[in-house]
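The shown structure was predicted, so the numbers you read here are calculated from the model rather than taken from an experiment. Side-chain atoms are counted along with the backbone in the values below, which use heavy atoms only and exclude waters and symmetry mates. Naming: A, B, ... by sequence-line order, numbering from 1 per chain.
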Amino acid sequence: MEYNHRDIEARWQQYWKENKVYKTDIVEGKPKFYVLDMFPYPSGAGLHVGHPLGYIASDIFTRYKRLQGFNVLHPMGYDAYGLPAEQYAIQTGQHPEVTTNANIARYRSQLEKIGFSFDWDREIRTCDPEYYKWTQWAFIQMFNSYYDTKAGKAMPVADLVAHFEKHGTEGINAWGSKELHFTAADWRAMDEKQKSDTLMNYRIAYLGNTMVNWCPQLGTVLANDEVSEGVSIRGGFPVEQKLMYQWCLRVSAYAGRLLDDLEKLDWSDSIKETQRNWIGRSEGAEMKFPIAGSDIVLDIFTTRADTVFGVTFMVLAPESKYVDMIVTPEQRQAVDDYITSIKHKTERERMIDKKVSGVFTGAYAVNPLTGKNIPVWVSDYVLAGYGTGAIMAVPAHDSRDYAFARHFDLPIIPLIEGADVSEESFDAKEGKMINSCSADLDLNGMEVKDAIAATKKYIEQKGIGKVKTNYRLRDAIFSRQRYWGEPFPVYYKDGIPHMLPESMLPLQLPEVDKYLPTETGEPPLGRAKNWNTPDGYPLELNTMPGFAGSSAYYLRYMDPRNDKALVSREADEYWRNVDLYVGGTEHATGHLIYSRFWNKFLYDLGVVCEPEPFKKLINQGMIQGRSNFVYRIKDTNTFVSLGLKDNYEVTPIHVDVNIVNNDILDVDAFRNWRPDYADAEFILEDGKYVCGWAVEKMSKSMLNVVNPDDIVERYGADTLRLYEMFLGPVEQSKPWDTNGIDGVSRFIKKLWNLFYKGDTLLVTDDEPTRDELKTIHKLIKKVTGDIETFSYNTSISAFMVCVNELTQLKCHKRAILSDLVVVLAPFAPHVAEELWHVLGNESTVCDAKWPAFNEDYLKEDSLTMAVSFNGRARFNIQVPADMAAPDVEAMALGHENAAKWIEGKTVRKVIVVPGKIVNIVVG
RNA sequence: GCUCGAAUGGUGGAAUGGUAGACACGAGGGACUUAAAAUCCCUUGGCCAUAGCGGCUGUGCGGGUUCGAGUCCCGCUUCGAGCACCA
């Protein structure tokens, strides 16, 4: 029997599928393990070799855990809503569902060919009404909840209403967009619409007038994580700021918990750090600056309370509502002109243009500590959306304030001893305070850190401010003006939004004639006929964003066909949360924040029993493309090989990597590739055409896309799996390069040759020797350790060493080979399954038990120890493994070469680390 | 600017503070072949020596801790990632 991957892999894949070998059910008393991959968006291009990298890593872990006796949940599904299918629909009129289903079918067949052990019975699609029913359901729960800051969790809005009825806002602890104050009488006097608007200030899912990232080309708003440097991540179109009435999720209320709970997670430092940056906690103080000659009070936020004595002016964001309230008649025209000029600029232009600009309002604020009047300015360097949209400016110790003060010639008062502020500000939070003394507060001589604390305490006592923590994290904008997304379970009655009753879920996406906005500028759902409730009330026209469906999908896998609940209590309590989550870093500030938020919300409601969704996270690296080039001699159809190209004037041309093998061009394939090249001539080196190469993004235009199907066809799925893991650490990005794949392919053949020579089965039942046992137990130990740390590349090296050693030993013994096959099964499941049966086993290899290694076999009879003199001259000595340190020492000093080296010197110190090394210091 | 991470042969990459370069690719040499493919064996960080033994040097740069540093500490350089008028 020759090794034939096509036959073996097709046969076992079919067997696994027909017998549902990987179907998983709750087994009470059996320990569970949940391994999840980030589900893919099924794009039209199909999978390339980069996609399965993470899936292979997680599949190895899954199979390993099964062999260790765990009940492993390992599902797969599709993040099926998304812009590409909709854009395609706009161009072709093809319903996005049709495209999406076709793409899913392709993905499924590609995934199956790689031999993953998914429980396909649990497959989900976010665009399936049975699935998005629960996305809509969760939204309704968010609408009906507010965040109670005292309880530190979401609570029913009904409770809040009850409180308003009795006490108004007195004594509430609700996280709101703004701080509102009203009495019970005020509340009762409100009409329906006013009450609805008021509650929007507190609901976790709320309609709000917010500045949104509006992308005209995409015709939709985008969340902050979908925008980078002023352009959309998808498509790279300009994004502008626009005030719109949109559905939002109050993610900001959970900022503190999202930040604190990061501590508990077994995630990489870099991704935790990214989330910390994104959440952006800053601890500081909010302080009141009264406006001179009025009863208006400006609230500002600062992290440098210690610098109040150095405040020489105040600055408001152009959008601040205070601007209009305090501007003096003489300055009104100038201020209006300035604000108009700002509005004409996009966010991007404002960011790029770092020129200092601003205008004086004519008003003065009173410094609460010094009692002095200080001018209030307006400038776009202050952001409306952060803190209170107003700042106290301390030019001596803040570079932005410094630039502003210099530009408008405002005073600069240094507050830290020895700080030279003649050229630039001194921003560091260190040094001793000066110039900071009033009648009842003296900071002079204090360290900055102490001065901050002292000032905070002082302002709280005096009632002129309070300690406050601010977060950079904003609420998530949840409306999209698109077709291909979940409809909101919302209808409007007299302009007031209401949730549909649960009995009407799922609210299914309607048919439309076109996938474009309506003539009146409404979203595509505005085209749907009878898009009303049965009572005739209009339904919401926006749809939900991409992250809606992906925020709780890991819960649905636990109980995917349940039509009574998102997940049953039984399933949730058994599977709990994801033990291992594998996916890319690109979701750090999107999906991985939203999912954590969504899960915490459901946790507050008591729907789920774990506060965090993903215990351990592994970020697989990106697979980059490795492009190949041919070199055409200018104005000819002659191509010159890489090593000779410097002798000619050449143009490099991308060549399809699929007609290049190990950088050697298949010249016949090249001639057939494009008509232009049919009569191409070649200047070869050593009879070969060598191509140049470069690492670039894997994309169609670079002609460097490698389809896993081609690799599977040529080398087999097992080789693909082993090779992708062998390429390097899972977490590292690396270019796809098939140059080493033959090594892995050879390994499988060598493994096969341990079982067969031609058609003869070599397997015997002889007792293994000590050397053979040592070889296999070395492997078991290494692989067991490596899998736990995802060091799959070194595991595969260990397999190669093991097979080479067994080949040398001519070992064909069942006991040894059996362990080898089981340990290999997670990595190369098809060939392992085949050989497992060759060894005479009836059941599948996943029913086997992971072999335990036996330290006794690994013990050496003797150790080679390095004897080092002064850490330099080194000799090796052989000592019995169990020899005591003093004897080792004696032996080391007695060594022939050592004796020569020590001659005439004195031994000062001898260090023996058992099993490792002997160090001898001489002098 | 702030934060985090990385740097080891021709290449991908190994090394709980203990003989740096496992394993693989590539390259060179050899065996078997009419020949090629496949397979097998040897060499392969650099420099020197070579009949043979061997010697020196070496993990981005400069210091330090240690008997001993790729690994730990301090200071740089370069590259990558995240955040960024966030007060």
The side chain of [X] is closest to which nucleotide in this list: [options]?
X         : options                   : answer
Gln808(A) : rC41(B), rG13(B), rA87(B) : rC41(B)
Asn804(A) : rC4(B), rA22(B), rA24(B)  : rA24(B)
Met800(A) : rG82(B), rA14(B), rC23(B) : rC23(B)
Asn277(A) : rC4(B), rA14(B), rG82(B)  : rG82(B)
Arg472(A) : rA14(B), rC23(B), rC83(B) : rC83(B)
Val382(A) : rA24(B), rA87(B), rA22(B) : rA87(B)
Asp380(A) : rC4(B), rC85(B), rA87(B)  : rC85(B)
Tyr386(A) : rA87(B), rG13(B), rC40(B) : rA87(B)

Taking only the [atom1] atom of each, what is the distance from [N] to [M] in whole angstrom?
N       : M       : atom1 : answer
rG28(B) : rU33(B) : P     : 23 Å
rG12(B) : rC4(B)  : C1'   : 25 Å
rC74(B) : rU65(B) : C1'   : 11 Å
rA49(B) : rG63(B) : C1'   : 35 Å
rG75(B) : rG82(B) : P     : 26 Å
rG1(B)  : rA22(B) : C1'   : 43 Å
rG70(B) : rG60(B) : C1'   : 12 Å
rU71(B) : rU3(B)  : C1'   : 24 Å

Tell me whether [X] contacts the main-chain N or O of [Y] through its side chain, where contact means a donor paired with an acceptor under 3.5 Å.
X         : Y         : result
Tyr792(A) : Ala57(A)  : yes
Ser425(A) : Ser399(A) : yes
Asn753(A) : Lys749(A) : yes

Pairing partner of [N] (Watson-Crick or G-U wobble, both distances under 3.5 Å):
N       : result
rG70(B) : none
rU50(B) : none
rA27(B) : rU43(B)
rC4(B)  : rG80(B)
rA38(B) : none

From [atom1] of [X] over to [atom2] of [N], roughly how many Å is that when rounded to an integer?
X         : N       : atom1 : atom2 : result
Glu586(A) : rG80(B) : CD    : P     : 19 Å
Phe726(A) : rC25(B) : CZ    : P     : 8 Å
Trp377(A) : rC85(B) : CH2   : P     : 23 Å
Gln732(A) : rA6(B)  : CD    : P     : 11 Å
Met622(A) : rA6(B)  : CE    : P     : 20 Å
Tyr723(A) : rA24(B) : OH    : C1'   : 9 Å
Leu722(A) : rC23(B) : CG    : C1'   : 13 Å
Arg626(A) : rG12(B) : CZ    : P     : 10 Å

Given RNA chain B, 5'-ward residue of the pair Ser733(A) and Arg746(A), judged by closest heavy atom: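 Looking at RNA chain B, the more 5' nearest nucleotide goes with Ser733(A).
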Specify the residue among Pro735(A) and Ile796(A) whose closest nucleotide of RNA chain B lies further upstream toward the 5′ end.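 Per heavy-atom nearest nucleotide, the more 5' residue is Pro735(A).
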So what does [X] hit on the nucleic acid, given a heavy-atom distance under 4.0 Å: a base, only sugar-phosphate, or nothing?
X         : answer
Ile391(A) : base
Lys782(A) : nothing
Arg281(A) : nothing

Check whether the ring centres of Phe404(A) and Phe313(A) lie less than 6.0 Å apart, and answer yes or no.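 Ring-ring flag for Phe404(A)/Phe313(A): true, centres closer than 6.0 Å.
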Modelled atom types, side-chain donor and acceptor of Ser282(A) and Tyr386(A), under 3.5 Å: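 Note: Ser282(A) and Tyr386(A) side chains meet the donor-acceptor criterion.
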Do Ser252(A) and Tyr471(A) get their side chains close enough for a donor-acceptor pair, meaning under 3.5 Å?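 The answer is no; no qualifying pair exists.
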Which value, rounded to the nearest 0.5 Å, describes the distance between Cys802(A) atom SG and Lys782(A) atom NZ?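 Cys802(A) atom SG to Lys782(A) atom NZ measures 13.0 Å (nearest 0.5 Å).
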Gap between atom CG of Leu265(A) and atom CD of Glu263(A) - 0.5 Å precision: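 Output value for this atom pair is 9.0 Å.
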Is the distance from OP1 or OP2 of rA87(B) to the nearest side-chain N or O of Ser282(A) less than 4.0 Å?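 Yes, within the criterion.
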Where does rG9(B) land, syn or anti, once you apply the within-90°-of-0 test for syn?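 That one's syn.
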